[in-house]
Amino acid sequence: MTDETTRVDALDASAAAQNATATLADAEERRATRRSIYAVLIFLALGVGFGKIVAVDSLPDRAIQNNRLAQIPKTLQTKEKELRDKGVSGERLEAELERVYAAALRDANKARPTLSANDRSRWLTIRALVEPKARVYRYVPIYKESAKAEVEAERRAATSTYPSATGQTTTEEELVAKFAPGEILRNCAHPCPERFDEENAKADARVVEYRKELVPYAIDKAWETPGWDSIDVVKHGAPDEIYDPSNPASGYIYSSKPTLLPTVMAGPYWILNRCFGLSLAKRPFETTRILLVIYQLIPLGIAFFCLASIIESVGKTDWGRMYAVAAATFGTFALTFVPTLNNHLPGFASISIALWAAFKILRDGKTNPVYFALAGFFGAFAVACDLPALAFAAGLCGILLVKRPLKTIFVAIPAGLVVAAAFIATNYIAHNSIMPAYSCKRDHMAMQAEAKEKGVDPQTLFDASDWYYYNYYPAGRPREAKYARLSHWANRTGIDRGEPSILRYAFHSTVGARGVFSLTPIWILSVWGLCVWAFKTKDDKGLRTFGVGALTLTVVFFAFFLTRDQGDRNYGGMSCWSRWFFPLVPLFVPALLPIVDRMSKSRRLRGVALAALFWSAASAAFPTWNPWVAPWLYDLAVNWGWMKPY
């Protein structure tokens, strides 16, 4: 009987082992199938993104170009008739018609691969860093010893003509020690008194010679090229110059965007330019498309795979995991922004990589220093791409310090400090300040409202510490006083005026015409999921920590952006989504899982989840080729008379 019992127990154990092996094999097969589906979804999304990049074109500019090209034959016929009536014929007639044709063709050439002032602002910095002809140089006068007293007297006499708030100096002596507007010449494209040429260089007999100096990060040369203008620029002078914002010839034009990201992006363009002869100035379409693949598409693919890895680790059901990956690839606005140079996708990718590394550390218990370095470096680089991501980087650093203090201190934080040092260094080289250009502005809408109430002329409100409020010479126009204009930000129109009502702004930013949740309702499930994780009774391998952190970050983001000054309450400008909330997207994607895993067990609830995904994907696909358009809910509300356009 004992032997019989032993044999039965052995058979049961063998069967249990076989069942366990079969179950394990089945789980591995299902895991492999899921990963294959993830890859299919990701490569499908990247294919769509690649198609957007290949087709990148500014359609309004293309329409203008096509219309003008169609008018050229008629223009030539009219000109030929006019010349023949005047008795012109033979070679002279042909030469004149060739000249007219070349001028008409040059005037018609309006098509460009840049889709907005926003992306051109970054392209301009990249061009200024790489293209020798796009660099800005100033020519500093070296005066004769006998003339220095005279020059100083002229500067002293001119100090009364500058705006009272120069923002740079406090005493007349400090002003006199700096170069006055007009003393320093520059390599302008158009003839003007400030242009460095043979005539101007010899105009002042007191000057021994002019010393050529690079103005790093200045974009004046590229910016004044037809088709490359942008309103997303600031203006200020060099440290040894008196900057007079009321004088359009004073100061230099810079991109308003943080400097580190375009500096990094200049690397691939330098290789294309020096090794293959590609140029944004001469071959803009081919060069732009190649660079967008490098700058936007490849980082986006890496981000998708990082999020898929997190989803695979955290998810409980096959359906829930595949839903989350589909939401990441097609239900967000990440793919929408692929065909335009922007900071959001590099920031999205950086947060996704940092988050993936953090999950490896906190959830999987990995202690390899590489994960800490990735978390620190890309957490900091996310801030360099998207300044509001500072809240994410600080939160991630705090969590890692609590959970793994030593490696965080000795690996993650130093990796982040490398990025911080580069950010500060490039910003200081460009602006002689550690603060980004965004910080150098006043509340223009409040200021203008007060000036209007008091009947004050906007041309008297200049302050050199406000880099957004200045006079300038428009691109493509002669550098003459009659063409000077007040900057766009000093004379805002449309959506750039901002939303006066905080309540209205809060409504439309969340569930209204431009709402985060009304356009992408899948994020409602994400916030619900974060609440589920945040209020768990115990920390399930870091999920509660993630839930509390991400939920806190969400509240901080919304509180920060909904309480900005009126000028900043602009819904992200002319954009298909309130793009300020992009740093939350990598956090919201895995947060879908606790909810969609539960919904997967019910056909009706799956239908609700799929409807939310359908709506979100439709919102993301609405701006087919260009993300710099109003969202479809806004268009619908305006067309149906529910709200007035702005």
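Because the structure is a prediction, the values reported are computed rather than measured.
- More than 12 heavy-atom neighbours from other residues, nucleotides or ligands sit within 6.0 angstrom of OH on Tyr438.
- Atom-to-atom distance recorded for Cys531:SG and Leu551:CG is 4.5 Å, nearest 0.5 angstrom.
- Inspection of the Asp119 and Thr340 side chains reveals an N or O donor paired with an N or O acceptor under 3.5 Å.
- Under a 4.0 Å N-O distance rule, the pair Asp496/Arg492 does not qualify as a salt bridge.
- The ring pair (Phe, Tyr, Trp, His ring centres under 6.0 Å) test with Phe337 singles out one residue from Trp577, Trp625, Trp628, Phe348, and that residue is Trp628.
- Annotation for Pro346 and Met265: closest pair CG-CE, 4.0 Å, computed over non-hydrogen atoms.
- Looking only at atom types and distance, the side chain of Asn570 has no donor-acceptor partner in the side chain of Arg497 under 3.5 Å away.
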Practice problem: List the steps and the verdict of side chain to side chain donor-acceptor pair (under 3.5 Å) for Ser616 and Thr520. | Solution: CA-CA 4 Å; Ser616 302; Thr520 45; 5.3 Å; no
- Message: As a quick check of understanding, evaluate salt bridge (Lys or Arg N to Asp or Glu O under 4.0 Å) for Asp568 and Lys441, giving each step before the final call.
- Response: CA-CA 11 Å; Asp568 291 334; Lys441 63 180 178 180; 3.2 Å; yes
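- To the nearest 0.5 Å, atoms CZ (Arg579) and CG (Asp386) are separated by 9.0 Å.
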Can you check side chain to side chain donor-acceptor pair (under 3.5 Å) on Thr114 and Trp123, steps first, answer last?
CA-CA 9 Å; Thr114 56; Trp123 283 123; over 6 Å; no
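- Here the side chain of Ser509 pairs no donor or acceptor atom with the backbone of Ala506 at under 3.5 angstrom.
- To the nearest 0.5 Å, atoms CD (Glu312) and CG (Leu593) are separated by 10.0 Å.
- Surrounding CD of Glu29 are at most 12 heavy atoms belonging to other residues, nucleotides or ligands under 6.0 Å away.
- Across all their heavy atoms, Lys257 and Ser121 have their closest contact at CG-OG, 3.7 Å.
- Ring pair Tyr505/Tyr571: centre-to-centre distance below 6.0 Å.
- Using a cut-off of 4.0 Å between Lys/Arg side-chain N and Asp/Glu carboxylate O, Asp26 and Arg31 are scored as not salt-bridged.
- Ala358 pairs by the side chain to side chain contact (heavy atoms under 4.5 Å, CB included) definition with Leu396, not counting sequence neighbours.
- When the shell of 6.0 Å around CZ of Phe305 is examined, it contains more than 12 heavy atoms from other residues, nucleotides or ligands.
- Within the model, atoms OH of Tyr371 and CD1 of Ile361 stand 9.0 Å from one another, a figure rounded to the nearest 0.5 Å.
- Heavy atoms from other residues, nucleotides or ligands lying under 6.0 Å from CD1 of Ile434 number 12 at most.
- Checked against Trp523 for a ring pair (Phe, Tyr, Trp, His ring centres under 6.0 Å), the options Phe588, Phe558, Trp528, Phe333 give a single hit: Phe588.
- Between Phe561 and Phe557, the ring-plane angle classifies as tilted under the 30° and 60° cut-offs.
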Would you check, one step at a time, whether the test ring-ring contact (aromatic ring centres under 6.0 Å, His included) holds for Phe546 with Phe359?
CA-CA 9 Å; Phe546 174 77; Phe359 265 80; 5.3 Å; yes
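- Considering all non-hydrogen atoms of both residues, Leu613 and Ala327 come closest at CD1-CA, 3.7 Å.
- With a 6.0 Å radius and a threshold of 12 heavy atoms from other residues, nucleotides or ligands, Trp319 has its CH2 atom above the threshold.
- For the atom pair OG1 of Thr288 and CG of Leu115, the computed distance is 9.5 Å after rounding to the nearest 0.5 Å.
- Annotation: the span from Phe582 atom CZ to Ile351 atom CD1 amounts to 10.5 Å, rounded to 0.5 Å.
- Other residues, nucleotides and ligands contribute only 12 or fewer heavy atoms inside 6.0 Å of the CZ atom of Arg598.
- With no hydrogens or angles considered, a side-chain donor-acceptor pair links Asp597 and Thr317 at under 3.5 Å.
- Using a distance-only test at 3.5 Å, with no hydrogens or angles considered, no donor-acceptor pair links the side chain of Asp565 to the main chain of Gly567.
- Taking 4.5 Å as the limit, some side-chain heavy atom of Tyr38 sits within range of a side-chain heavy atom of Arg321.
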